[in-house]
Structures are given as C-alpha cells and as structure tokens.
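Worksheet: one structure, shown below.
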Amino acid sequence: MSASATRTALLAALLAAGAATAAPDVTPAAAPQVDQEPAPKLTQAQQLVFANDLMQKVPAGSVLEYRFTRHGKDLPDYQDRVTVTVTHVADDGKRDLQFDFLSDGHHLDFQPATAYRGNPVPIQFLERDIKELAAATEGASGYFRNRLRAAFAKAQSEPVKIPLGGQEVEGVRITLKPYAGDPNSARFKDYADKGYEFLFSEQVPGGLYQISTRVPSAGSDAPLIEEQLTFDHRNPPD
C-alpha cells in the first residue's frame with residue numbers, strides 16, 4: 001500500500017467513530033430536513049499524527065534522516081535508519097516523497113507518495129508497530145489499529161522543550177496507552193501497558209523529533225521492548 005493510501009485509510013478509520021447518523025430511508029422528494037452532526041474536530045494529537053502539514057519548510061532535494069533503536073530484556077540491541085526524500089514540491093505545497101524504512105530483513109516497502117501534504121513517518125511507524133504487535137500476540141491488526149484510533153482521540157498533549165542542535169526549542173509531547181484497561185488485555189497481557197510518546201516541533205525539519213514506545217517487563221526495571229525513532233539531520237543542511 002502506498003503512503004498516501006495508508007494515510008487515507010488510517011485517517012478514515014480515525015474519523016469513522018464520529019460519523020454523522022444517516023438520514024431516514026425515504027425518497028429525496030419526501031426527505032425531511034434533518035440536522036447533520038458536524039464532522040468531529042481533530043484533537044491536537046490527531047492533527048499532528050494523521051493530518052499534519054509539517055513538511056512545508058522542507059524544500060525539494062532534501063533528505064530527512066531518522067535514527068531507529070530497539071532494545072529489550074531478552075532482545076539484542078538493534079540500530080537502523082529511516083529516510084524520507086523530497087523529490088518534488090508543487091506550487092500548492094504538496095510533495096512527492098520517497099522512503100527507505102529500515103534495512104535488510106527489517107525493511108518495509110512503503111511506495112513513493114505523490115502530491116502528499118505532511119510527514120507520513122508517524123503513520124508508517126504506527127503501521128509497523130501494529131504489524132509487529134499482531135505478530136507477537138497472534139492478534140488481529142485491525143483490533144490494535146482501532147484501539148490506537150480511540151486512544152488518539154483522548155491522548156494527552158503538553159508543551160515541552162526539545163533538544164535540537166545544541167539548544168532547546170518549543171515542542172509538543174503526546175502520550176497515550178491504547179491498551180490500558182482493555183477488557184481483552186488478557187489475550188496480550190505482556191503488552192497491555194505499552195506506552196507511546198510523540199515529540200513534535202515546528203523547528204525540526206519535517207516537524208517530527210521523536211517517537212518512543214515502551215513495554216514494561218513484569219518484575220524487572222528493564223523494559224520488555226523499547227523502541228525510539230529520532231530525527232538525526234537533514235541533507236543538505238540549512
């Protein structure tokens with residue numbers, strides 16, 4: 001699935017819960033006037049992750065590079081890279097993008113995006129996360145996707161300072177625990193307390209500074225799994 005299609009599918013799923021009630025099944029001529037519920041307003045978390053416009057300061061020819069790390073109680077340390085290349089910027093600000101998401105056996109083939117507005121890396125990270133979680137628990141990816149959707153509607157966001165280039169810049173932190181209190185958590189109890197943190201700043205090229213996930217380990221200070229994707233640099237630099 002292309003990045004554009006993935007984003008569209010996720011955003012559609014995100015908004016589905018707030019869809020307006022359908023009008024009665026009557027002929028158009030006899031249809032009464034009914035008040036339609038307005039489209040749900042996106043929270044700050046939903047806006048930043050699913051409907052952002054954070055690439056507007058990134059010109060054509062730029063390559064954004066992110067560092068990926070993973071470690072855990074019984075896992076070997078793993079480090080890798082994610083890159084986003086801006087191949088074209090249209091007059092309306094939409095961009096053509098190419099992706100290189102991890103390498104070798106961890107590589108995910110996100111197809112180039114055309115006429116795209118925003119930074120798709122948070123959605124790509126979540127798509128990978130959902131796939132990994134479904135595989136680890138033998139669960140349905142759709143179930144975890146729906147829990148994430150619901151969590152973003154209630155996610156906490158707060159202003160923070162973010163380290164960038166030897167200084168601190170203004171940013172926003174989003175935190176959520178999609179599976180806390182889930183009535184079905186016994187089926188994936190090792191992951192029920194999994195937490196997510198997103199850091200965004202307009203001062204960071206592409207807007208995304210970091211995504212972190214952490215799965216605590218029962219009876220140990222070491223996490224079962226901890227992953228981070230952190231902005232590293234932009235080529236060419238400013």
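Predicted model, so just to flag it, every value in this text is computed and none were measured.
- Looking only at atom types and distance, the side chain of Gln111 has a donor-acceptor partner in the side chain of Asp109 under 3.5 Å away.
- At least one side-chain heavy atom of Leu224 sits less than 4.5 Å from a side-chain heavy atom of Asp190.
- With hydrogens and angles ignored, the 3.5 Å screen pairs a side-chain donor or acceptor of Asp96 with a backbone N or O of Ala115.
- Side-chain atoms of Gln156 and Thr175 form no donor-acceptor pair, as typed in the model, at a separation below 3.5 Å.
- Annotation: side-chain hydrogen bond (donor to acceptor under 3.5 Å, both in side chains) contacts involving residues 221-232, sequence neighbours excluded, comprise Arg67-Asp232, His71-Glu226, Arg81-Asp232, Arg128-Glu227, Gln210-Thr230, Ser212-Gln228, Arg214-Glu226.
- The closest donor-acceptor contact from the side chain of Asp80 to the backbone of Ser103 lies under 3.5 Å.
- You'll find the ring centres of Tyr179 and Phe188 inside the 6.0 Å limit.
- Centroid-to-centroid, the aromatic rings of Phe152 and Phe198 come within less than 6.0 Å.
- Between Leu229 atom CG and Thr69 atom OG1 the span is 8.5 Å, to the nearest 0.5 Å.
- The shortest side-chain heavy-atom distance between Leu208 and Phe231 does not fall under the 4.5 Å cut-off.
- Between Val121 and Tyr66, some side-chain heavy-atom pair lies under the 4.5 Å cut-off.
- Looking at Val86 and Leu97, their side chains come closer than 4.5 Å, going by heavy atoms from C-beta outward.
- Other residues, nucleotides and ligands place more than 12 heavy atoms under 6.0 Å from the CD atom of Glu158.
- At a threshold of 4.0 Å, the pair Asp77-Arg70 does not count as salt-bridged, since none of the basic side-chain nitrogens sits closer than that to a carboxylate oxygen.
- Residues Pro223 and Val215 have side chains not in contact (no heavy-atom distance under 4.5 Å, counting atoms from C-beta outward).
- Aromatic pair Phe101/Phe68: ring centres not closer than 6.0 Å.
- A salt bridge between Lys177 and Asp182 is absent, with no side-chain N of the basic residue lying under 4.0 Å from a carboxylate O of the acidic one.
- Counting heavy atoms from C-beta outward, Leu48 and Ile174 have side chains that approach closer than 4.5 Å.
- Defined by atom type and a distance below 3.5 Å, a donor-acceptor pair is present between the side-chain atoms of His233 and Asn235.
- Of the inter-residue distances, the one linking Leu199 atom CG with Ile162 atom CD1 reads 5.0 Å to the nearest 0.5 angstrom.
- No side-chain heavy atom of Phe125 sits under 4.5 Å from any side-chain heavy atom of Val82.
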